[in-house]
**Student:** 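Just passing along the structure, written as structure tokens.
The basis for the numbers below is simple: all heavy atoms, side chains too, and nothing from hydrogens, waters or symmetry mates.
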Amino acid sequence: MIVVAVLLLPVLVVLLYAMDHIENRLSAGPRTPRHARRRHLWLVHDAGASAVESSPAGPTAQHIDAA
């Protein structure tokens with residue numbers, strides 16, 4: 001009888017650990033989805049716009065039609 005108890009002890013330890021882990025997952029609140037996480041956005045300045053304005057000939061037809 002002692003042999004059976006000693007052999008079942010590791011099985012019970014693993015079962016209790018697994019049940020505790022599952023219970024913690026179920027009782028925790030929902031995680032934030034990856035696409036809904038806060039993102040840090042950086043402002044990127046367009047270097048091409050200042051080059052067009054500073055040209056002596058003014059904007060080309062290609063830049064006028066781009067808008």
**Student:** To which residues is L15 joined in a hydrophobic cluster, defined by side-chain heavy-atom contacts under 4.5 Å among Ile, Leu, Val, Met, Phe, Trp and Tyr, whether direct or through other members?
**Tutor:** M19
**Student:** To which residues is L7 joined in a hydrophobic cluster, defined by side-chain heavy-atom contacts under 4.5 Å among Ile, Leu, Val, Met, Phe, Trp and Tyr, whether direct or through other members?
**Tutor:** V3
**Student:** Tell me who clusters with V4, hydrophobic residues only, linked when side chains sit under 4.5 Å apart either directly or through other members.
**Tutor:** L8
